[in-house]
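Encoded as structure tokens, the structure appears first; notes follow it.
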Amino acid sequence: MTIGITPGTFPTPMAYTPSEIEPKWQEYWQREETFRTEIDHAKPKYYVLDMFPYPSGDGLHVGHPEGYTATDILARYKRMQGFNVLHPMGWDAFGLPAEQYAIKTGTHPRITTQKNIENFKRQIQSLGFSYDWSREIDTTEPGYVRWTQWIFRRLFERGLAYQAEVPVNWCPELGTVLANEEVIDGKSEVGGHPVVRLPLKQWMLRITHYAERLLEDLEDLDWPEPIKKMQRDWIGRSEGARVLFRLETNDEAELEVFTTRADTLFGATYMVVAPEHPLVEGITSEAHKADVDAYIEKTRRRSERDRMADQGEKSGVFTGAYAINPVNHERLPIWIADYVLAGYGTGAIMAVPGHDERDHAFATKFQLPIVEVVSGGNVEEAAFTGQGEAVNSDFLDGLDTAEAKRTIHAWLEENKVGEASVTYKLRDWLFSRQRYWGEPFPVIHGSDGQTRLVPDEDLPITLPDLEDFRPTGDDFEAPLARVPEWLDVADPETGKPAQRDPNTMPQWAGSCWYFLRFLDPHNSEAPFSEEAERYWMPVDLYVGGAEHAVLHLLYARFWHKVFFDIGLVHTREPFQKLVNQGMILGESYRYYDDNPDDLPDQDVRVYSHEEVEMGEDGPVSTADGKPLKARWMNQQDLTSNPENGEWSHPEHPNLALERVMEKMSKSRGNVVNPDDVVSDFGADSMRLYEMFIGPLEKSAPWSTDGIQGIYRFLQRCWKLVNEEDGDSERLRSFASKATPEQARLLEQTIQGVTEDIEAMRFNTAISKLMILVRDIQSQGPPTQEAAEKLCLMLAPMAPHMAEELWQRLGHDQTLAYEKWPEVDESLLGEEEITIVVQINGKKRDELKVGVEASAETIESMALESERVQAALAGKDVKKVIVVPGRLVNVVV
RNA sequence: GCCCGGGUGGCGGAAUGGUAGACGCGGACGACUUAAAAUCGUCUGGCCUUGUGUCGUGCAGGUUCGAGUCCUGCCCCGGGCACCA
């Protein structure tokens, strides 16, 4: 572990040169395997994890390293605190973009993925993160896929994986089905393509079996409250009752509904079933069959998006059938309407238009009766959804809503026509995709119609090489369905012909358990060893973007609970503490022009934001309503006006530009590439700057000017240790003894920086280090001890600089495992403190008093002060408040 | 519509109910230099009559000796959910 340069004098470089020292230390860490981690029962563990990236072709943008820097600071800090730190990195490498690129160019996704991984790894390594690269994993590697498939087997064996004909979100553009969570406003989350609902046979995972536990166990997690809330809302627990309605014409079948307001049962005036409801066909009368079929056909054809569009507007048809209300035996007409969702509750409702807004709107439109059964509103005008006294409800009359619910629930049970029940919004997880670039399912479909698991010893099932990666759009088949030599196999049990499953798993599969594979990534006997799991789990700190609030984080928790149930893991939850980093926004300058279709050779007029307003289809000119298009310019492409220092368009110097801060994207021209930042300022500046611009959780704009200040700070750190000596540099001469002020400043900084890092307030930690570097030299050189402690405090944040200075200060070992500085309380205290003197809460004077001064002394000193005397001017002092160590407030 | 966040100088942002604006950027002035850059130093919320004057943390109130911070009502921005019975 010897570094191999004699400390003391140094050849060039003369000044702080990140391009020299950063590669040097990165090579050193790699060569010495500085951050390689093994199980060590003598030390406490700390598992700090980043959400591993999808290695896209665009490479890293400056948003990625924000989270990675935060976790790296914690990892390095915890090492110095004596923890055995697990800090791994890997690649979530299955996924759509590589496949879409393959469709466009014919390049195999494996090639693209490998290339992208190499680029990502190079970029991440250039930032000096202390990952244990011996644990690197790639979800597409057969050695990883094997265990993902192994886990699927466990799910299947426990009945948690099943195939079903379900209405799915089919996205023709992407040629695949999507999970509900991946559909936003009727469009695909990726790419924003339209989505239609179609019944297809798919793999499903029974996440609903875990709904209650997924909800309950959120309680003890140290997660941001909004994320917990989003998960709670997604799970959507709802307490109510199931009620059975007999059908008028059919004694066999019953219509079951779920309601949260069983207390309004007497107010039900009709029933509604979802168009997909299985009972529809059986109950529809001959006279209404044509209408019903037409309606079903129409709603089926409509995309989710169309449905969203006429939000609120109700549609439906009468089936001709009637149900009997169990409480009063009234005939209730059964309607079909798409405002009742097949996937929620029982797919059927009792409609109480007096006390439900949707039912009210529907009843009004189709002139169905509205009955008041809870007093407190005017049900003719609008549904009254609040609590109140039950009326027109026979044995419920006079009861308040809560009491009425209890009573009716008991009545339903007694009469065997229903019971109290809990329903969840959460639905089973649609787990198959009609794609190529994913994990194949470890199953075969026998000619007897049975689905059998492929034995563990035959895993992994790997993907065949393809030329054509397109899904077959018309009959919705996966690309693998076209590969008979892969698809057709012999059933190992019967020897008869059988087929593999042409679908693949969604991208989430690999990320559901990668944090467990990191514990023991080379294990070929098991996904990970019991010893490793017992030692390392749970993840102590997990940092990533808030966009995974209900997708990855819910799926991973679900799998983890299954693992817990089969004894694979010993914790109920995988991620004890979660932190969401904010986004780093790009800066650009916006204006508009009247060439929305980008036609060439046009006589284009430009508009400033002041001349533009938002029309229905985009920006238009305020003056004449002409459609316009927004244009964005990067600051680099603007010219600076020498007179007022403002930025302007090189061709339109008088055009007022609007400074906008947005998510970085190619179209805005506001993307900052970390490679450029590293080459201009170095990785340490990049790391520090990203931590300095604001709290980790908050979004903040990237500014090229701002990073200059950080670079200057690092130069000052450099000069604190080195000084020029002719053409070379040498260690500066340090003071042999610190002044009391210097000693106090150092201890205060240690205390503050330690607290800030613990609380992940990196911005204020950095500002405290800036103050230390500035002020410790104001009365002369610092001591070597102070310089060394500065290095140690700098080490988690600017590790290259810290290692280099540490070496120059005469150490021949990395500082990665040096002890974090401790506060010497005896040096911390001030001898004299400043007390603020207020009169009626307004500052009027300051007093310097000894730290030991009593409240009485301070009070009398304050009252005697000239300014107070002058301000009092004979008025009576009503009250004096003394806050020890802070202030005196004189009330007159 | 509902549910979360958040509104503090020219900008990013600091402030256990106790000196609002730490730290950084930008700006001004000064030092060094033939000069510039770099570096270092001083100043930098607004206003005025330049006084340790006055106003200031989205707006209007309230609690308090004292409010950026707590309470009530409103305005604006960002995000999430959106026929869930």
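Below, chain A is the first sequence line, B the second, and so on; all start at residue 1.
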Which part of the nucleic acid, if any, lies within reach of [X] when heavy atoms closer than 4.0 Å are counted: base, sugar-phosphate only, or nothing?
| X | result |
| --- | --- |
| A:I693 | sugar-phosphate |
| A:Q838 | base |
| A:N889 | base |
| A:V891 | sugar-phosphate |
| A:D359 | nothing |
| A:S238 | sugar-phosphate |

| Which class fits the ring pair A:Y339 and A:F362: parallel under 30°, tilted 30 to 60°, perpendicular over 60°? |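 Correct class here is tilted.
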| said: Ring-plane angle category for A:Y344 and A:F258, please: parallel below 30°, perpendicular beyond 60°, tilted otherwise. | reply: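 Plane angle over 60°, so perpendicular.
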| request: Could you grab the distance from atom CZ of A:R687 to atom CD1 of A:I766, nearest 0.5 Å is fine? | output: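 With rounding to 0.5 Å, CZ (A:R687) is 10.0 Å from CD1 (A:I766).
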| A:K228 NZ to A:L578 CG distance, which is reported to the nearest 0.5 Å |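 Interatomic distance, A:K228 NZ to A:L578 CG, rounded to 0.5 Å: 10.5 Å.
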| Non-hydrogen atoms of A:D756 and A:A765 that approach each other most closely |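 Smallest heavy-atom distance, with atoms named: OD2-N, 3.2 Å.
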| field | A:K229 vs B:C4: side-chain N/O to OP1/OP2 distance below 4.0 Å | value |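 It does not, given that no N or O in the side chain of A:K229 lies less than 4.0 Å from OP1 or OP2 of B:C4.
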| field | Phosphate contact (B:A14 OP1 or OP2) by A:N763 side-chain N/O below 4.0 Å | value |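 Yes, because at least one side-chain N or O of A:N763 sits under 4.0 Å from OP1 or OP2 of B:A14.
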Gap in Å between the two [atom1] atoms, one belonging to [N] and one to [M], rounded:
| N | M | atom1 | result |
| --- | --- | --- | --- |
| B:C77 | B:G62 | P | 28 Å |
| B:C71 | B:U52 | P | 39 Å |
| B:U50 | B:C55 | C1' | 15 Å |
| B:A14 | B:G7 | P | 9 Å |
| B:G1 | B:C47 | P | 40 Å |
| B:U63 | B:G12 | C1' | 34 Å |

| Paired nucleotide for B:C81 [Watson-Crick or G-U wobble; both distances under 3.5 Å] |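 Paired with B:C81, as far as the under-3.5 Å criterion goes, is B:G1.
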| Starting at the 5' end of RNA chain B, which residue's closest nucleotide do you reach first, A:T260 or A:K698? |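 Its nearest nucleotide being more 5', the pick is A:K698.
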| How would nucleotides 23-32 of chain B be written as a contact map, 5' to 3', with B for base contact, S for sugar-phosphate-only contact and - for no contact, using protein heavy atoms under 4.0 Å? | BSSS------
| Counting only N and O atoms by type, is there a donor-acceptor contact under 3.5 Å from the side chain of A:N763 to the main-chain atoms of A:I693? |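 No, A:N763 side chain to A:I693 backbone: no donor-acceptor pair under 3.5 Å.
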| So, the side chain of A:Y689 versus the backbone of A:S703: is there a donor-acceptor pair under 3.5 Å, distance only? |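 Between the backbone of A:S703 and the side chain of A:Y689 there is a qualifying donor-acceptor contact (under 3.5 Å).
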Can you figure out which of [options] approaches the side chain of [X] most closely?
| X | options | answer |
| --- | --- | --- |
| A:Q715 | B:C65, B:C83, B:U39 | B:U39 |
| A:P701 | B:G12, B:A85, B:A14 | B:G12 |
| A:M230 | B:G13, B:G80, B:C83 | B:G80 |

| Atom-to-atom span, CG of A:L769 to P of B:A22 - whole angstrom |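 Value for this atom pair: 18 Å.
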